[in-house]
Each structure stands twice: as structure tokens, then as C-alpha cells.
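Scope of the values below: all heavy atoms of this structure, side chains included, with no hydrogens, waters or symmetry mates.
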Amino acid sequence: MGVTNKTPEFLKMNPLGKVPVLETPEGAVFESHAIARYVARLNDGNPLFGSSRIEQAHVEQWMDFAATEVDPGVAWYLYPRLGYIPYSQTTEETAIASLKRALGSLNTHLASKTFLVGHSVTLADIVLTCNLYHGFARILTKSFTSEFPHVERYFWTMVNQPNFKKVMGDVKQAESVPPVPKKVAAPKEPKAKDVKKEAPKEAPKPKVVEAPAEEEVPKPKPKNPLDLLPPSKMILDDWKRLYSNTKTNFREVAIKGFWDMYDPEGYSLWFCDYKYNDENTVSFVTMNKVGGFLQRMDLCRKYAFGKMLVVGSEPPFKLKGLWLFRGQEVPKFVMDEVYDMELYEWTKVDISDEAQRERVSAMIEDQEPFEGEALLDAKCFK
């Protein structure tokens, strides 16, 4: 460093003389994210970029978040204490505030997710984990990260993946914050370009309100198509109340009550089976999938009731569900808005088939064993 990276040959690869630089038969590539994207794209159809255009955009989004929000915060907190750049208490306080703001946002996103995008590791997870690594390993003690439990879970899940471990080895969290170097630099503070500061707010300008020629009548909010269906004899809230309040004799009270209330003209029942059960090798990851799915289904709470079962005592675990929907089809707005829906096979229940009726009852009841297997977990959407 400082010698071979200043040669004409090296400067042809990166005019700034910095590393990393990747040499390829087609030419050199510099900047770590560009190198990561290049390597990932060497394999056509690589799942590291997501399975759809929106997932690809989200992968890029979280890579940018890692580079602009997490990495600068860690760097401006850590590097002055390692003596790489002059230490300033004001700069450190700004860096910590910026980093906590970023980790808080990340913590919220990860509350119902195992991975940043989709249901498996993407390039976004690789980049963010690498950015978090120096923080966790060098300066972010347990007392700092405990404010962000979902970030903690995420980081330790990632670094314990076999392919991460091959590169990083066994990661241990910093037990203490490095001390401030004894030799304090000149009082002039470095300009923290990467640490974002909020711009001072300008005094609000007075609004000039022009009287409209005619008073506009607000347009009525369009009704949900399910609200336009003929009235049903089944009152969904009555069923949810019965389900919640039945503590004993569940089969005799709640299950019998369900079939007495059920209106096959106003509602329909659906089985769902996860298409990719072979991926469900870690119990808590599998249960997180269900939790995230149910959270995203909140938009149809007024029109639906659901049971989701995690089946099996050993991996891979199976995800199976039963859903009661208003109307005769799975609601279109749910199919459009909840991306998890396409991850399941949906089969309409034929209530004239006694075996299917019994399967419905067993799923509502959390019957165990279910279809000959243990129940790892059961969740209700109501």
C-alpha cells in the first residue's frame, strides 16, 4: 500500500489507487459493490438478486442503505478510536446518532423477516452483514446492540450460515469500546461527509390560499368489492368471538358452532400448501415466515379468518393453512397486495366431501398429531 498501488499499471485499473480492484479477462472493476454485483451476475439467473423485478429493486435498495446509512455510521464511530482519523467527540456523537437511526429503521423492517428481501439470502444480506461485521466485532457492544433485538438476531443468523462462516470464521461480539487514542489531533474537526445531518429547517412560508370558484365535493372512497356482495347469514365477528372464548370442549362447542354458522353462499374455505417446503430447514426461520405472512394479511382482517400450521418434528417442516374468505374466490386485492400468496398452492374446500370437512375441523382445532405428524407451531389469524 502506497507503493504498488501508485504504479501506472495499477492506476489504469483504478485511477484513485484504491483497493479493492478485481482483475478480469474483460478488464478491471473497482468499488466493492460493483465487484459484488459482477461476481453475482456471472451465474445467469442467480437467486442472489431476487426472483422478481420488485425483489431486484429491493436488493439494490438495501445495498444502498448498507453503503449510505450503516457503513458510514460504523466507520465514523470506529475509525477515530482506532487512530485512523483524528478523534472528535462531536463527530462521534453525530455518528452514533446516525447509526442508531439506521439500526432502528432496520430493526423495524426485520421484526417479521428473517432476510432483507424474500425468503433466502440475497446479495443485500451479504453486503449488509459485511458492513455490520466490523461494528459488531470491534465496537458495538451488547449494551449498544440490545436496543435492536431483530438486528441482533439477523446478524447472528447470517454469520452462522455455512458460507458466511467460511469467510468470517467464528464471530465474537466486542466486549468493550476501544479507548480514545492518547494523542488527540488538532482541534479542527474532520468533515464527516458520509454521516448524514439533518438540514436546518427553514421558516415556513405563508401559504397563499386562493378561493376556489366552486366548492369541490370530495369524491367518495371506492368500496371494497366484498362490501358489495349480498348479505351473508354468517357474522364473521361472531365466529371469531366464539373461537377466542371457547377454552374447553372445543370440538363440541367451537367446531360445531362453526359449521352451524358457516354460509357456503357468502363465504368460501381454502386450503393452502407452501410450495417450497424443502427450504424450511430451520424451525424459527420457518415460523418467522408464517408470522410475516399473517402480518401482511392484516389488510383483509375484516373479510377473513385463517389458521396456519407448521407441521413436523424434524426438518424440512411443512407449512399448511386453512382460510375462510368472504365471497367465492380468494380476494383479488389480497392476491395483488400480499406477495406471499403466490408462494402457496390454493385449493378450494369441497364441503360435500366428508374427509375435507374433517380436515377443516382438525386445522381449526390444532389437532395433534395432524395427518400423522407433530405440530411444531399453530397460528391463528382473526
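- Taking the six-membered ring for Trp, F325 and F305 have ring centres at least 6.0 Å apart.
- Within a 6.0 Å radius of CD in Q89, no more than 12 heavy atoms belonging to other residues, nucleotides or ligands are found.
- Taking a 6.0 Å sphere around NZ of K18, one finds it holds 12 or fewer heavy atoms contributed by other residues, nucleotides or ligands.
- Taking hydrophobic clusters as Ile, Leu, Val, Met, Phe, Trp and Tyr residues chained together by side-chain heavy-atom distances below 4.5 Å, M287 shares a cluster with Y276.
- A donor atom on one side chain and an acceptor atom on the other are found under 3.5 Å apart for T145 and Q173.
- In the displayed structure, E60 atom CD is contacted under 6.0 Å by more than 12 heavy atoms of other residues, nucleotides or ligands.
- Taking the six-membered ring for Trp, F271 and W346 have ring centres at least 6.0 Å apart.
- A salt bridge links R359 to E371: at least one charged side-chain nitrogen sits closer than 4.0 Å to a carboxylate oxygen.
- No close placement of the Y243 and F258 rings is indicated, their centers lying 6.0 Å or farther apart.
- Inspection of the N280 and K289 side chains reveals an N or O donor paired with an N or O acceptor under 3.5 Å.
- Among residues at least two apart or in separate chains, ring pair (Phe, Tyr, Trp, His ring centres under 6.0 Å) pairs with a member in residues 358-382 are W323-F381.
- Salt-bridge annotation for K275 and E342: absent, with no side-chain N of the basic residue lying under 4.0 Å from a carboxylate O of the acidic one.
- Between W259 and S361, the side chains place a donor N or O and an acceptor N or O closer than 3.5 Å (distance only, hydrogens not considered).
- Applying the ring pair (Phe, Tyr, Trp, His ring centres under 6.0 Å) test to every pair with at least one member in residues 31-62, sequence neighbours left out, gives these pairs: W62-F65, W62-H109.
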